[in-house]
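Order of the sequence lines fixes the chain letters, A, B, ..., with proteins taken first and strands second; residue numbering starts at 1 for each chain.
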Amino acid sequence: DEKKARGERSQKRDRGKTAPNKDQKESENKEKKTMKRGKEGENKQKKDRKNSISSSSNSSDEESLSEEELAMLKEQVEQKKKLISTMRNKPWRMVKKLSVLREAQDFVEKFEGALGKGKGKKLYAYKMMMAKKWVKFKRDFENFKTQCIPWEMKIKEVESHFGSSVASYFIFLRWMYGVNLVLFGLIFGLVIIPEVLMGMPYGSLPRKTVPRAEQATAMDFSVLWDFEGYIKYSALFYGYYNNQRTIGWLKYRLPMAYFMVGISVFGYSLMVVIRSMARNANESTADGDDDNFIFSWKMFTSWDYLIGNPETADNKFASITTSFKESIVDEQESNKDENIHLRRFLRVLANVLIICCLCGSGYLIYFVVKRSQTFSKMQNVGWYERNEVEIVMSLLGMFCPPLFETIAALENYHPRIGLKWQLGRIFALFLGNLYTFLLALMDDVNEKLAEEDVVKNITHWTLLGHHNSSAGNDSTVTPRPLDPADVPRGPCWETTVGIEFVRLTVSDILVTYITILVGDFIRACFVRFVNYCWCWDLEAGFPSYAEFDISGNVLGLVFNQGMIWMGSFYAPGLVGINVLRLLTSMYFQCWAVMSSNVPHERVFKASKSNNFYMGLVLLILFLSLLPVAYTIMSLPPSFDCGPFSGKKRMYDVIQETIELDFPLFVAKIFSYVANPGLIIPAILLMVLTIYYLNAVSKAYQRANAELKKKMQMQREEEKNKRNNKANTNPMLQDLEDLLTPSTKTESPPKQAEDKKMESPNGTSPVGKPGRGEVLPGSPMANSRGAAFTSPSQVFVTQPRTLGIRAPYPGQPRPWGHPLRPVPGRGRGQPCYPRAAR
Amino acid sequence: LGNYFQLFFYCLFLLVYRLHGRYHEMAPNVVPMDYTKDPDVKLPMQLIINMPELKENPFKERIVASFSEDGEGSLSFNDFVDMFSVLSEMAPRELKAIYAFKIYDFNTDNFICKADLEKTLNKLTREELTDEEITLVCEKVIEEADMDGDGKLGFADFENMISKAPDFLRYSLGNQVYQQKPF
């Protein structure tokens with residue numbers, strides 16, 4: 001019912017009629033009410049002015065409109081429109097806003113049509129109507145878009161229970177899902193579908209059929225699980241694709257498409273990651289003023305308004321209290337130099353230890369891989385020798401992260417920064433993992449390449465033999481073609497590579513899900529139910545509930561994506577598997593988090609971690625681009641499988657397409673462009689551009705800092721003027737003190753004592769003015785002047801109420817105390833603010 | 001309803017409708033379903049601060065009080081929607097700063113004085129800090145943010161300080177009024 005009434009009202013608006021009587025009466029009532037209750041005087045003034053304008057224009061409506069009146073009216077209409085559009089930014093009461101809005105809308109409606117009088121009125125009115133419709137359409141579209149963001153509610157729920165750092169993982173997951181969806185669309189639409197629809201069907205070519213020897217077991221589940229059998233010879237893998245230059249009646253160039261899609265997968269991912277990083281960098285407002293308002297920000301911005309759960313709220317209160325206490329302690333001992341040195345020493349020590357660990361594990365992996373290569377040559381290898389590499393890797397993956405965490409306790413970082421260090425270190429560890437995997441794969445590939453030559457000969461001779469035998473009797477009849485299942489096959493290393501990646505991804509998925517299930521859910525069930533009959537309190541004591549492991553999950557996601565990028569060229573179906581995985585993972589992990597995890601003890605904000613995750617993704621993207629690029633450029637494709645079979649190198653397909661499909665001059669252009677003489681200067685030019693842009697951006701930053709300093713000084717000037725202090729020169733002020741008698745001896749002492757006590761803390765004298773500079777070096781020299789005058793100002797401004805004008809003469813001023821540009825250095829938490837950005 | 005869109009940041013018609021649903025369910029006997037006659041209905045503070053979105057917030061009374069017209073915390077529906085609109089993610093920073101100032105100003109004298117700061121701090125930490133710690137923190141805050149030297153924070157000081165805060169805009173009431181979402 002109410003809905004209908006509202007709909008009616010909006011309909012009436014849209015039809016552009018003048019305001020219905022009911023609304024007019026309402027707005028009149030509201031006007032009366034708001035008149036009584038007018039908030040600020042100036043707002044009332046504004047409204048009065050508007051009323052007078054409308055009344056005057058009412059009167060002029062009857063007369064014919066002259067030029068100036070027309071212009072003036074138009075301007076008023078524009079004003080009203082502007083008012084309408086900025087209405088929501090004004091902090092007025094709702095009722096007031098509604099009335100003013102209605103009035104402005106009436107005015108606009110009334111005179112919009114009128115303005116068109118005499119000058120193509122119909123056209124103007126039509127344009128207005130279209131503009132309005134367009135605005136409405138855009139508004140509806142925005143509504144629709146906001147409603148379409150998937151999983152928004154789920155993520156908000158997680159955020160309210162667990163804080164924003166855990167939610168940032170899920171937002172990252174959702175972003176990843178979006179990217180994968182696009183990649184899947186590309187690959188599926190441009191490669192798989194054309195091959196399935198327009199290419200030769202299964203069984204027509206040797207490469208598309210299961211070999212005779214394997215046909216008996218091709219349908220077994222164990223074989224399918226290993227991605228052999230029918231799955232191996234399907235469109236999911238590289239080997240299925242035919243090397244026909246064009247297929248189907250559309251003359252679709254499949255090999256070319258395959259190659260270009262492979263490249264554009266990387267190109268699109270790169271573009272998306274960089275765009276996301278740039279957007280994050282734009283949003284961050286770190287401008288060097290970070291240390292100025294530590295306590296103020298803690299007081300006014302630390303409460304997370306999204307928390308709706310009592311348990312999380314308790315955690316938040318506790319963490320806020322702890323953080324205040326920490327800052328207070330840091331504030332009180334910020335002058336102790338030993339602290340800094342000790343902390344630095346500890347951090348260096350921790351880093352050294354961890355680097356030793358990483359090197360050790362790297363060498364261990366290398367050693368083990370070498371051994372496994374010798375093992376594979378030996379004859380009877382036991383189970384341990386066969387799986388030694390995997391065992392060592394799993395052990396390293398299990399024990400090193402906790403080891404890193406315990407060593408990191410030495411460093412005493414803020415948990416947000418500690419998280420980043422942890423992420424970085426585990427990342428370095430897993431790179432070792434990656435290295436062994438790739439090495440093993442390359443060995444395999446080289447083996448297969450060697451095998452290929454042998455098989456090529458065999459195939460050739462078999463076919464020849466077959467032709468001879470079948471055409472033996474009658475030489476005029478065309479020989480019966482050999483059944484595709486019988487043709488001896490080459491080893492097809494690309495498909496093998498694809499299969500390896502798919503297997504790795506699938507096992508990774510399984511391991512992750514099972515770990516979540518067992519590590520989180522079963523553990524939670526155990527703690528919950530067995531707690532009744534256990535000696536010690538399971539919930540508070542040993543196993544207790546698991547916390548959500550952000551770093552482990554993020555790294556898992558990032559590495560998984562790296563695998564996908566590496567494998568998608570050789571197994572087009574891999575991206576589809578990943579899309580499914582991400583989709584189920586979202587629901588599964590949301591459920592697991594809500595049902596079996598507890599919020600972290602220190603609920604910390606994840607303000608800018610997103611750029612860090614993007615940085616990791618970018619790194620992995622480059623790392624995964626390298627092997628693919630290498631194989632494309634330097635390894636010859638298999639002779640009997642895949643879209644590039646028969647060519648010397650895979651990228652020859654581009655050459656071929658240019659020669660055969662494009663007009664002649666295009667080939668000439670490309671040959672010129674590909675000339676090294678052109679490419680090297682182009683690269684040099686790009687390097688120079690980067691250098692130039694870098695220098696420009698540095699100059700802007702410096703200019704920014706200078707401007708900020710200037711603003712700071714200007715503010716000080718104004719403050720002085722406001723406080724009626726003519727001179728800021730300390731010398732003159734000392735002189736004044738000598739001249740003016742000690743009328744201010746009684747009350748100042750206590751105040752001055754307080755100030756004295758506070759100043760050794762090192763922050764108040766250098767407090768506001770000097771803090772604008774975080775850059776050492778040149779600004780410091782200038783700021784000495786400003787900083788020197790500032791202490792007197794601080795003393796002046798704070799006890800202003802007592803009318804003190806100068807520091808107490810004879811007081812030991814803190815000149816001797818080092819004026820640091822960043823006085824917050826001694827504090828723990830804000831010590832490395834930039835690392836967090 | 002187009003009016004509402006231009007005034008609020010919740011641009012969904014559906015959302016205003018749902019807000020009305022939430023408003024109504026807090027006091028079904030008092031709040032009418034039909035708003036065409038613009039009834040003059042206000043809900044008292046006690047009902048509103050029990051909403052799940054606000055229940056855990058230490059400043060809930062202040063939030064509700066600063067959006068209410070009579071200053072005592074009763075919200076009419078317009079005020080209710082206004083509150084959610086300003087607290088939503090899409091409200092601009094300046095507007096949020098204005099209302100944040102009102103929220104933290106406990107004695108409503110348009111200045112955040114030391115007593116206000118102490119009250120804020122106590123609410124934030126549930127009175128777990130000692131008295132010296134409280135004094136120290138409040139003094140530090142005034143020292144950091146007070147630009148015109150009157151010993152308390154005027155709106156200009158507050159705005160200057162909050163505009164540089166990186167986290168201020170992030171923590172606001174999101175679209176938690178949605179009740180049934182497809183995902």
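The line from OG1 of B:Thr120 to CZ of A:Phe300 is 6.0 Å long, rounded to the nearest 0.5 Å. Here the CD1 atom belonging to B:Ile162 is positioned 8.0 Å from the OG atom belonging to A:Ser296, to the nearest 0.5 angstrom. The CD atom of B:Glu118 sits 9.0 Å away from atom CE of A:Met299, with the distance rounded to the nearest 0.5 Å.
Contacts of B:Ile112 with chain A are made by side-chain atoms alone, with heavy-atom separations under 4.5 Å and no backbone atom involved. Contact of B:Leu117 with chain A is made through backbone and side chain together, with heavy-atom distances under 4.5 Å. Using a 4.5 Å cut-off between heavy atoms, B:Lys123 touches chain A through its backbone atoms (N, CA, C, O) alone.
Between A:Lys298 and B:Leu124 the shortest heavy-atom distance is O-CD1, 4.2 Å. Among all heavy-atom pairs drawn from A:Trp297 and B:Met161, the shortest one is NE1-O, 3.0 Å.
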